[in-house]
Amino acid sequence: MNMAMTDVMRDFGVSATSAQWLITGYLLVLGILVPISALIIQWISTRWIIIIAILFSIIGALAPTFSILLLSRDLSSWYRVNFTPYD
C-alpha cells in the first residue's frame, strides 16, 4: 500500500494525512478483530467469507471517491483476520 500512496493522493486529490488513513484504518480494524476471529469463523462459513472478500475487493477497485475506497479497505480487513495463521 505504501508504494501506491502517491498515486492514491494524486488520483483522489487528498492530502498525505488523509491517505494515511487507508493504512491506519486497516490496522485498527485488524487489531480489534484478531481476538474475536474464532467467533467470526463459527458464525460465518468460509464460503461466505470468501464471497464477501471478493465483493469488498471489487468495490475498492472501482471506488469513485476516496471515502468509498477507505470504507471498502477497512471492511475488507475483517475477512483477512479469518485467514491469518496464529501460533
Side-chain angles (χ1 to χ4, degrees):
M1 187 71 216
N2 289 336
M3 298 297 291
M5 197 62 71
T6 55
D7 293 332
V8 168
M9 291 181 344
R10 183 185 67 239
D11 291 345
F12 291 105
V14 295
S15 66
T17 306
S18 297
Q20 183 63 32
W21 275 104
L22 286 174
I23 297 171
T24 304
Y26 175 83
L27 291 175
L28 282 171
V29 173
L30 195 68
I32 291 167
L33 293 180
V34 164
I36 62 170
S37 63
L39 294 174
I40 293 173
I41 291 173
Q42 289 177 355
W43 292 334
I44 303 172
S45 70
T46 305
R47 178 181 179 189
W48 280 108
I49 291 172
I50 293 172
I51 290 171
I52 293 169
I54 292 170
L55 179 67
F56 284 139
S57 295
I58 291 171
I59 291 171
L62 300 175
T65 64
F66 181 75
S67 300
I68 294 172
L69 177 65
L70 180 63
L71 183 65
S72 68
R73 177 138 173 96
D74 290 348
L75 291 176
S76 69
S77 66
W78 78 269
Y79 73 85
R80 289 188 179 101
V81 166
N82 298 311
F83 297 112
T84 303
Y86 305 108
D87 290 332

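Residue indices begin at 1 and follow the sequence shown.
- Closest non-hydrogen pair, Met9 versus Ala16, comes out as SD-CA, 3.3 Å.
- In this structure Ser76 satisfies the side-chain hydrogen bond (donor to acceptor under 3.5 Å, both in side chains) test together with Arg80, sequence neighbours excluded.
- Side-chain contact check for Phe66 versus Leu22: some heavy-atom pair is nearer than 4.5 Å.
- Summarising the geometry, atom OG belonging to Ser57 is positioned 11.5 Å from atom CG belonging to Leu75; distances are rounded to the nearest 0.5 Å.
- For residues 10-27, the pairs satisfying salt bridge (Lys or Arg N to Asp or Glu O under 4.0 Å) are Asp7-Arg10, with sequence neighbours left out.
- For the pair Trp43 and Ile36, the minimum side-chain heavy-atom distance is 4.5 Å or more.
- Between Gln20 and Met5, the closest heavy-atom pair is N-SD, 4.3 Å.
- Rounded to the nearest 0.5 Å, atoms CD1 (Ile51) and CD1 (Ile44) are 11.5 Å apart.
- Annotation: side chain of Ile59 is in contact with side chain of Leu55 (closest heavy-atom distance under 4.5 Å).
- Between Leu69 and Ser72, the closest heavy-atom pair is O-OG, 3.1 Å.
- Atoms CD1 and CD1, on Ile49 and Ile54 in that order, are 12.5 Å from each other to the nearest 0.5 Å.
- When all heavy atoms are compared, the tightest approach of Asp74 to Tyr26 is OD1-N, 3.1 Å.
- Separating the CD1 atom in Ile68 from the CZ atom in Phe12 is a distance of 9.0 Å, to the nearest 0.5 Å.
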